Amino acid sequence: MATELLFRGDAYLKSASAHVLASGERGVELDRTVFYPLGGGQAGDAGVLLRAGGERVTVSDTRKGESAERVLHVLAPGSPALEPGEPVTLEIDWERRYRLMRLHTALHLMSCVITAPVTGGNIVPEKARLDFDIDLSQLSAEHIERETNALIASAIATETVWITDAELDAQPDLVKTMSVQPPRGAGRVRLLKIPGIDLQPCGGTHVANIAEIGAIRVLRIRSEGKHNKRVEIALAS
Ligand SMILES: [Zn+2]
């Protein structure tokens, strides 16, 4: 019972029509979705499912199901039970998702400004962070902000590239984030390419052109342990 992941092909899809496959305590599964499930540090989408009669059912979160190809749309408490086979129109909270896309893509750029292994990361609509295995004294907020914003200003179009698991295994240095396994499935791995800047496995949603990020500011830098120096950023506007 796999769900077609429409956001993989087009991160800018805000709505779609779908049918309910199953509905349970943990959430609703659909035959296709534009809702990104929590993963790779990126928060799951929120939004609504519109029933044929016009009733709006709130999706408060989206999570992966028992496999990467299964998506659970988590409904707000008190939501009605949806019927298997029922048609629904999906609408994501686009303003929220677009912030996630801009912040997520900004983290790719920041991982090129700070040349150290990435030990963790997280993206929520208000802010995003990466943890690095680096000495705290080597992290300057002013430098990170200036260099990341200079990359953003280069206004480069991003690309999605697929390679085989074997090709990835032959290039282990592509994997910067030690805490997150690259998204694999059916022998293929999805990469985000920012030509001339970055290439790394990533299953998240990204902006089409890095200029869309606008600019970032560093909120704070602090130590979260010997191998975790955390850099937290927000969108400047
Ligand atoms: Zn990414």
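All ligand and atom numbering here is 1-based and tracks the order in the structure. Note that the structure is predicted; figures quoted are calculated from it, not measured.
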J.: May I ask you to decide if the ring planes of His104 and His206 are parallel, tilted or perpendicular, using 30° and 60° as cut-offs?
T.: perpendicular

J.: Looking only at atom types and distance, does a side-chain atom of Gln42 sit under 3.5 Å from a main-chain N or O of Thr205, one as donor and one as acceptor?
T.: yes

J.: Pull up every protein N/O/S atom sitting under 2.8 Å from the Zn ion (ligand 1), skipping waters.
T.: His104 NE2, His108 NE2, Cys202 SG, His206 NE2

J.: Tell me whether Arg222 at atom CZ has more than 12 heavy atoms from other residues, nucleotides or ligands lying less than 6.0 Å away.
T.: yes

J.: Do Leu90 and Leu49 have side chains that get closer than 4.5 Å, going by heavy atoms?
T.: yes

J.: Would you find a donor on one side and an acceptor on the other, under 3.5 Å apart, between the side chain of Arg96 and the backbone of Gly47?
T.: no

J.: Determine yes or no for a side-chain-to-main-chain donor-acceptor pair under 3.5 angstrom, with Arg129 supplying the side chain and Arg230 the backbone.
T.: no

